[in-house]
Amino acid sequence: MSYTPEMRELIKRVDATRSKRLGHDFPRMTPKERIEALEKFHPDYIESGFRALKVGVNKGDKVPQELADYIEARSRIENIEIDLDEIAYDVDVLIAGGGGAGAAAALMAQEEGASVLLTTKLRFGDANTIMAQGGIQAADKQNDSPAIHYLDVMGGGRFANIPELVRALVNDAPLVIKWLEDLGAMFDKDEKGTMLTIHGGGTSRKRMHAARDYTGAEIMRTLRDEVRNRGIEVIEFSPVVELILDEDGRAAGAVLYNLETEEYLVVRAKTVIFAMGGSGRLHYQGFPTTNHYGATGDGLVIGYRAGAKLAFMDTIQYHPTGAAYPPQILGLLVTEKVRGLGATPLNINGEQFCHHLETRDVESAAIIRECKERKLGVPTPNGIVGVWLDSPLIEKIHGEGTIKRQLPAMLRQFSRFNIDIRKEPMLIYPTLHYQNGGILINEHGETNIENFFVAGENSGGVHGRNRLMGNSLLDILVFGRRAGAFAARKSKDVKLKSLTLAHVQKYHRELEENGVDTGGRVSPLILPRYRHREANA
Amino acid sequence: MANEAAKVNIYIMGKKYSVPDSLTILNAMEYAGYQLKRGCGCRAGFCGACATVYRTAGDTELKVALACQTIVEPEMYLTQIPFFPAQKAEYDVAQLEPKAAQIAQYYPEIFRCLGCNSCTKVCPQDLNVMQYIAYAQRGEIDKAASESFDCVMCGLCVSRCPAHIVHYNVGILARRIYGKHIAPPSEHLRQRVEEIENGKFDAELEELMRADLAELKEMYNSREIEK
Ligand SMILES: Cc1cc2nc3c(=O)[nH]c(=O)nc-3n(C[C@H](O)[C@H](O)[C@H](O)COP(=O)(O)OP(=O)(O)OC[C@H]3O[C@@H](n4cnc5c(N)ncnc54)[C@H](O)[C@@H]3O)c2cc1C
Ligand code: FES
C-alpha cells in the first residue's frame with residue numbers, strides 16, 4: 001500500500017519547496033482569523049450535527065446527534081429480571097473503566113484503605129490511554145509555572161473551563177509526574193535527569209513530557225502493573241450497563257454485564273467512580289476516529305439516565321492529523337508530536353497554509369478549509385482528500401535519526417504499509433479524537449448525584465470547549481487520583497439503604513411523556529457494530 | 001492492490017470467507033460477520049489485544065501478526081489468541097534494587113532460555129526479544145528496559161517460548177526498576193513539587209481565577225511564547 005504513482009508525482013512538489021520552507025515559521029492566525037476559520041469550517045459549527053435533548057437534566061441542550069440517539073434510548077436491562085438482593089460483589093469503592101483514570105483511582109482508593117473493585121469492558125488497559133503517544137503536560141521547568149499553564153488551558157478552552165478544575169489540573173500536574181516517576185515510569189530525560197520537553201499545540205512553554213511516542217502506553221502499563229502488584233480485584237469483559245441508586249437517590253452500585261456468559265451481576269458499593277472514557281466510536285458526523293474499540297460513550301449515557309448533569313457535550317475535538325492514507329489506518333492518529341517536532345501541513349502544491357502549532361480546532365478548521373473551500377487538498381484512490389504533513393522536515397531540523405528515536409511508533413505504523421515517513425510526507429485529514437465535555441464534576445470528581453464520582457475523559461468542565469494536547473493524560477491522572485482518594489474517604493461514612501433501579505423506569509416514563517421516538521434503540525451501546533462493513537479502521 | 005472489489009479467500013478458524021483484499025485481518029473478521037468481543041482493543045497497534053496466528057496454504061511456516069496491523073493474504077488460515085495464561089510476579093517497586101540479580105530473583109526462568117530466538121522471530125513490534133532477556137540475565141537492566149520499551153504485551157513471544165519465560169513481564173520489571181532506581185531523578189521536578197506543596201503558586205492562581213474574562217483574554221493573547 002505504498003503511495004500510488006500519482007501521489008508520488010505530487011510528493012515531488014513537497015520535496016521541491018522543502019529547503020525554501022526550512023527555517024521559516026508560517027505566521028500564526030490573528031484571534032479574528034481563528035474565529036472565522038472555526039465558524040465556517042469546524043464540525044462543531046455544523047448545526048445539523050447536533051440536536052437538543054428532549055428529556056433529562058440537560059433537556060434543551062444540544063449534543064451530537066449520534067450521542068442523542070443513545071441518550072434517548074431504552075435501557076438494555078428493561079426486560080431483564082435483576083434481583084437486587086443477589087449481590088455478587090460488595091465493596092467500598094466500585095470503579096468502572098480500566099484506562100488511566102480508573103487505574104489511578106483504584107490505586108489511590110486502595111491506599112486510603114478502601115476495598116476496591118475495578119470492572120472494565122475489554123481487557124484492563126484496552127483504552128484510549130494506552131494509545132496516547134504525544135505526551136503529558138506539567139509546568140515543572142524554571143521558566144514555567146502552574147499559573148502560565150493555567151492561562152494556556154483557559155485560552156485553549158475558549159475561557160469556558162471551570163476555574164476550580166483548571167487550578168486542580170495545573171497545580172497537581174507536577175505531583176502527578178513525580179508520582180509516575182516514583183512508580184518507575186520511564187520519561188524521556190537527559191543524563192542529568194532533566195525532562196526532555198517540547199511544545200504542543202497552544203502551549204506557551206515547552207512542557208510536554210513524553211516516553212518516546214508511547215507515553216500513554218508507558219503510563220498505562222506502569223499503573224496496570226501496580227494495580228496487579230497490589231492485588232486489587234479487576235474484572236475484565238464486564239461492562240457496567242446501569243447505575244444502581246439507593247432509596248435516598250445516592251449512587252450505591254452498578255449492574256455489570258458479563259460479555260462472555262451474557263449474565264447480569266449486581267455490585268453494591270458505597271461510592272461509585274465512572275472512568276469509562278470517550279465516545280469516538282459513535283462516529284459523530286460520520287468521521288473516522290482515533291479512539292479504541294470500547295469508546296462508545298457508555299458512561300455519559302448511563303450517568304445521564306440516573307440524573308447526572310452533562311457539560312460541554314456540544315464540543316468535540318477533531319484531531320487535525322488523522323491518517324488519510326493508507327486506507328488500513330484511516331482515521332488513526334498521527335501524533336501531534338510530529339508537528340511538535342516541526343512537521344508542517346502543506347497543500348497539493350507543497351505550500352504551507354497555516355502555522356503547524358495552532359490549537360487543534362483551528363488547525364482542523366484550516367485543513368478542512370484547504371480541502372473543501374480552496375480545493376487544494378491531495379486526492380487518494382479511495383476518494384478521501386487530505387493534506388500533506390511534511391515529516392521529512394523533522395530530520396532536516398533536528399538531524400537524521402530523530403524520527404526513529406522520537407517517533408518509533410509512527411515510523412513503525414506507516415512502514416507496515418510501506419511508507420517511510422523519514423523520506424515521504426504523511427497524508428492527513430482531521431479525525432474524531434476526543435470528547436471535550438462529559439459529566440460535570442467538581443475538584444474532587446463529585447457529580448450532582450451523591451456518592452457518584454466521575455474522572456477522565458467521561459467527565460466535563462476541565463477543558464472547557466477545547467482540550468490541549470497533553471492535558472488529557474494529565475486530567476485522567478489528576479482527577480483519577482482525586483476521585484479515588486475522595487471516594488474512598490467518603491465511603492467510610494456511608495450507610496447504604498436498600499438498592500433500587502427505579503430511576504430507569506422513571507427515565508422510560510419521561511421518554512414516553514415527552515413523546516420521544518426511541519426507534520427501538522437500546523443503550524449503552526457497549527460495542528460498535530462493524531459487521532459486514534467494507535471499510536477499514 | 002488498489003482495486004477495491006478484489007476479494008481473497010481466508011479461513012477463520014477453518015471456515016472459509018471471501019473478503020476484500022485490502023482489509024486488515026481485524027476488519028476482515030468483522031466483514032465476515034464477527035462481532036468481536038475479545039481480540040480487539042485499540043485497533044491501531046498499541047494494545048496487543050489482537051494477537052493472531054496463521055498459515056497460508058502450502059506453506060509450513062506458522063506466522064503471527066497483530067490483526068489490526070496486517071492485511072489479509074489469499075488462502076490465509078487464521079485464529080486469534082486473545083488470552084494467554086502467564087505468570088506475573090508481585091513486587092513492591094520501592095523495595096526493588098538496581099542490582100544485577102534483581103530480575104532473576106522474580107523470574108529465575110530467564111536462565112532457562114535455550115537461545116532458539118523464537119520470541120524475536122515472532123515479535124510483531126520487531127523487538128529483539130531474546131536480546132533483552134539476555135540483558136536481563138546479565139543484569140544489564142538499563143539495556144533490558146530500553147530494548148523492551150516498545151513492547152505492546154501481546155503475548156506472542158510467551159506462546160512460543162520453550163523455556164516458559166514471560167518476556168513482557170520481564171520487560172516491564174526491567175523498565176520499572178530502571179525508571180525508579182537507575183534513571184537520574186529529575187531535580188527540577190522535585191523542586192517544583194516542593195514549591196507547590198509550600199503553596200508558592202496559590203496566590204497567583206487565585207488571582208487568575210478571579211480575573212474577569214476581558215483581563216484573562218488580554219493576558220492570554222499577549223503571553224510570551226517560548227521559542
Ligand atoms: C490515539 C490517541 C492519542 C492520544 N494522545 C494523547 C496525548 O498524547 N496526550 C494526552 O494528554 N492525551 C492523549 N489522548 C487522549 C487521552 O489518551 C484520553 O483522553 C485518556 O487517556 C482517557 O483516559 P480515560 O481513563 O478517561 O479513558 P480510557 O483510557 O479510554 O479508559 C476507559 C476505559 O473504560 C472502559 N469502559 C468503557 N465503557 C465501559 C463500561 N460500560 N463499563 C466498564 N468499562 C467501560 C474502556 O474499555 C476503557 O478501558 C489520546 C487519545 C487517543 C485515542
Ligand atoms: S487491537 Fe490493539 S494492537 Fe491490535
Side-chain angles (χ1 to χ4, degrees), chain A residues 1 4 31 122-123 125-126 130-131 140-143 145-147 150-151 154-155 159 163 167 171 174-175 177-178 181-186 189 191-195 204-206 212 214 217 221-222 225 228-229 237 259 292-293 327-328 332 381 408 413 416 527 530-534 536-537, chain B residues 1-2 20 22-24 27 30-31 33-38 40-47 49 69 71 88 90-93 125 145 149-150 152-153 172 175-180 183-190 192-193 196 201 204-205 208-209 213 216-217 219-221 223-226:
Chain A
M1 265 302 138
T4 61
L122 303 167
R123 298 181 317 170
D126 291 350
I130 210 157
M131 309 177 72
D140 60 9
K141 294 263 172 100
Q142 281 303 320
N143 71 343
S145 79
Y150 182 97
L151 212 52
M154 291 300 284
F159 304 98
R167 171 172 60 184
N171 218 30
L175 313 186
I177 304 291
K178 184 81 175 73
E181 193 188 52
D182 285 342
L183 286 170
M186 282 171 59
K189 298 177 182 175
E191 62 290 345
K192 291 206 206 81
T194 306
M195 295 279 181
S204 65
R205 295 291 184 278
K206 294 181 180 169
R212 302 190 191 172
Y214 286 99
R221 62 199 181 189
T222 301
D225 195 56
R228 288 183 177 148
N229 278 344
F237 298 97
L259 282 175
H292 85 291
Y293 188 46
Q328 290 79 11
L332 296 189
Q413 189 156 58
R416 277 178 175 141
L527 294 174
Y530 292 152
R531 297 166 52 163
H532 306 302
R533 227 178 31 146
E534 286 241 6
N536 261 303
Chain B
M1 266 309 245
S22 65
L23 295 186
T24 61
N27 290 128
E30 290 174 336
Y31 178 85
Y34 279 79
Q35 171 73 55
L36 297 173
K37 289 180 186 165
R38 286 190 181 256
C40 175
C42 66
R43 307 173 70 96
F46 283 88
C47 76
Q69 295 292 298
I71 301 176
K88 176 180 143 42
E90 284 180 12
Y91 39 82
D92 176 349
V93 164
Q125 292 286 86
F149 194 86
D150 294 3
V152 295
M153 304 175 98
I172 186 149
R175 291 193 300 275
R176 292 193 67 188
I177 299 173
Y178 179 82
K180 170 81 184 164
S186 170
E187 178 52 25
H188 61 85
L189 175 62
R190 194 196 56 74
R192 183 52 47 86
V193 167
I196 288 172
F201 306 101
E204 206 182 343
L205 280 170
L208 283 171
M209 288 169 68
L213 187 61
L216 214 53
K217 279 190 176 165
M219 280 189 265
Y220 178 75
N221 288 328
R223 77 203 196 290
E224 182 198 330
I225 295 181
E226 181 180 1

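Each chain gets a letter, A, B and so on, in the order its sequence line appears, and its residues count up from 1.
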Problem set entry | side-chain contact (heavy atoms from CB on, under 4.5 Å) between L175(A) and I196(B), worked out | CA-CA 8 Å; L175(A) 313 186; I196(B) 288 172; 4.2 Å; yes

Exercise. Quick one: CG on D182(A) to NZ on K180(B), what's the gap to the nearest 0.5 Å?
Worked result: 4.0 Å

Problem set entry | Approximate separation, where rounding is to 0.5 Å, of C47(B) SG and L122(A) CG | 8.5 Å

For this session: For ring-ring contact (aromatic ring centres under 6.0 Å, His included), just list the numbers for Y31(B) and Y530(A), CA-CA rounded to whole Å, side-chain angles, deciding distance to a tenth of an Å, and then say yes or no.
Result: CA-CA 7 Å; Y31(B) 178 85; Y530(A) 292 152; over 10 Å; no

Exercise. Which region of K141(A), side chain (C-beta onward) or backbone (N, CA, C, O), has a non-hydrogen atom less than 4.5 Å from a non-hydrogen atom of chain B, or is it both or neither?
Worked result: both

For this session: Against chain A, label L189(B) side chain, backbone, both or neither, depending on which of its atoms sit under 4.5 Å from a heavy atom there.
Result: both

Problem set entry | For chain A, the option from M219(B), E224(B), Q125(B) that forms the most heavy-atom pairs under 4.5 Å | Q125(B)

Problem set entry | Under 4.5 Å from any heavy atom of chain A - which part of L216(B) | both

Problem set entry | chain B contacts, top residue of R228(A), E181(A), K189(A) (heavy-atom pairs, under 4.5 Å) | E181(A)

Exercise. In Å, rounded to the nearest 0.5 Å, how long is the span from OG1 of T194(A) to NE2 of H188(B)?
Worked result: 5.0 Å

For this session: Find the distance between CZ (F159(A)) and OH (Y220(B)) and round it off to the nearest 0.5 Å.
Result: 6.5 Å

For this session: Give a yes or no answer on whether the side chain of K37(B) reaches the backbone of L259(A) with a donor-acceptor pair at less than 3.5 Å.
Result: yes

For this session: Indicate whether any N or O donor in one side chain lies under 3.5 Å from an N or O acceptor in the other, for Q69(B) and R416(A).
Result: yes

Exercise. Donor-acceptor pair, E226(B) side chain versus S204(A) backbone, under 3.5 Å?
Worked result: no

Seminar exercise, completed: Value for CE (M154(A)) from CE (M209(B)), rounded to nearest 0.5 Å, stands at 9.0 Å

Exercise. Under 6.0 Å from the NZ atom of K88(B), do we count more than 12 heavy atoms belonging to anything else shown?
Worked result: yes

Exercise. So do the side chains of S22(B) and Q328(A) get within less than 4.5 Å of each other, counting heavy atoms only?
Worked result: yes

Exercise. Within 45° of the axis and under 6.0 Å from the centre of the six-membered ring of Y34(B), does NZ or CZ of R533(A) qualify?
Worked result: no

For this session: To the nearest 0.5 angstrom, please state how far the CZ atom of R167(A) sits from the CG atom of L208(B).
Result: 11.0 Å

For this session: Please state whether the side chain, the backbone, both or neither of N221(B) comes within less than 4.5 Å of a heavy atom of chain A.
Result: side chain

For this session: Could you tell me which of R221(A), K178(A), K192(A), Q142(A) has the largest number of non-hydrogen atom pairs under 4.5 Å with chain B?
Result: R221(A)

For this session: Select, from K217(B), E204(B), E187(B), the one with the greatest count of heavy-atom pairs under 4.5 Å involving chain A.
Result: K217(B)

For this session: Please flag which part of P146(A) lies under 4.5 Å from any non-hydrogen atom of chain B: side chain, backbone, both or neither.
Result: both

For this session: Could you have a look at L213(B), D150(B), V93(B), I177(B) and say which one has the most heavy-atom pairs with chain A under 4.5 angstrom?
Result: D150(B)

Seminar exercise, completed: One option among R123(A), M195(A), M131(A) has the most heavy-atom pairs under 4.5 Å with chain B, and it is R123(A)

For this session: Run the numbers on R531(A) and E30(B) for side-chain contact (heavy atoms from CB on, under 4.5 Å), then give the verdict.
Result: CA-CA 5 Å; R531(A) 297 166 52 163; E30(B) 290 174 336; 5.6 Å; no

For this session: Applying side-chain contact (heavy atoms from CB on, under 4.5 Å), run through Y91(B) and D225(A) and close with a yes or a no.
Result: CA-CA 10 Å; Y91(B) 39 82; D225(A) 195 56; 2.4 Å; yes

Problem set entry | Partners meeting side chain to side chain contact (heavy atoms under 4.5 Å, CB included) with A217(A) (sequence neighbours left out) | I130(A), Y214(A)

Exercise. Which residue out of G193(A), S145(A), A185(A) racks up the most heavy-atom pairs below 4.5 Å with chain B?
Worked result: G193(A)

For this session: Please list, chain by chain and in numerical order, all residues satisfying salt bridge (Lys or Arg N to Asp or Glu O under 4.0 Å) with R38(B), sequence neighbours excluded.
Result: E260(A)

Seminar exercise, completed: So, the part of R175(B) with a heavy atom under 4.5 Å from chain A: the answer is both

For this session: Give a yes or no answer on whether the side chain of N229(A) reaches the backbone of D92(B) with a donor-acceptor pair at less than 3.5 Å.
Result: no

For this session: Check whether L36(B) gets within reach of chain A through its side chain, its backbone, both or neither, counting any heavy atom under 4.5 Å.
Result: both

Problem set entry | Contact check, side chains of L205(B) and N171(A), non-hydrogen atoms, under 4.5 Å | yes

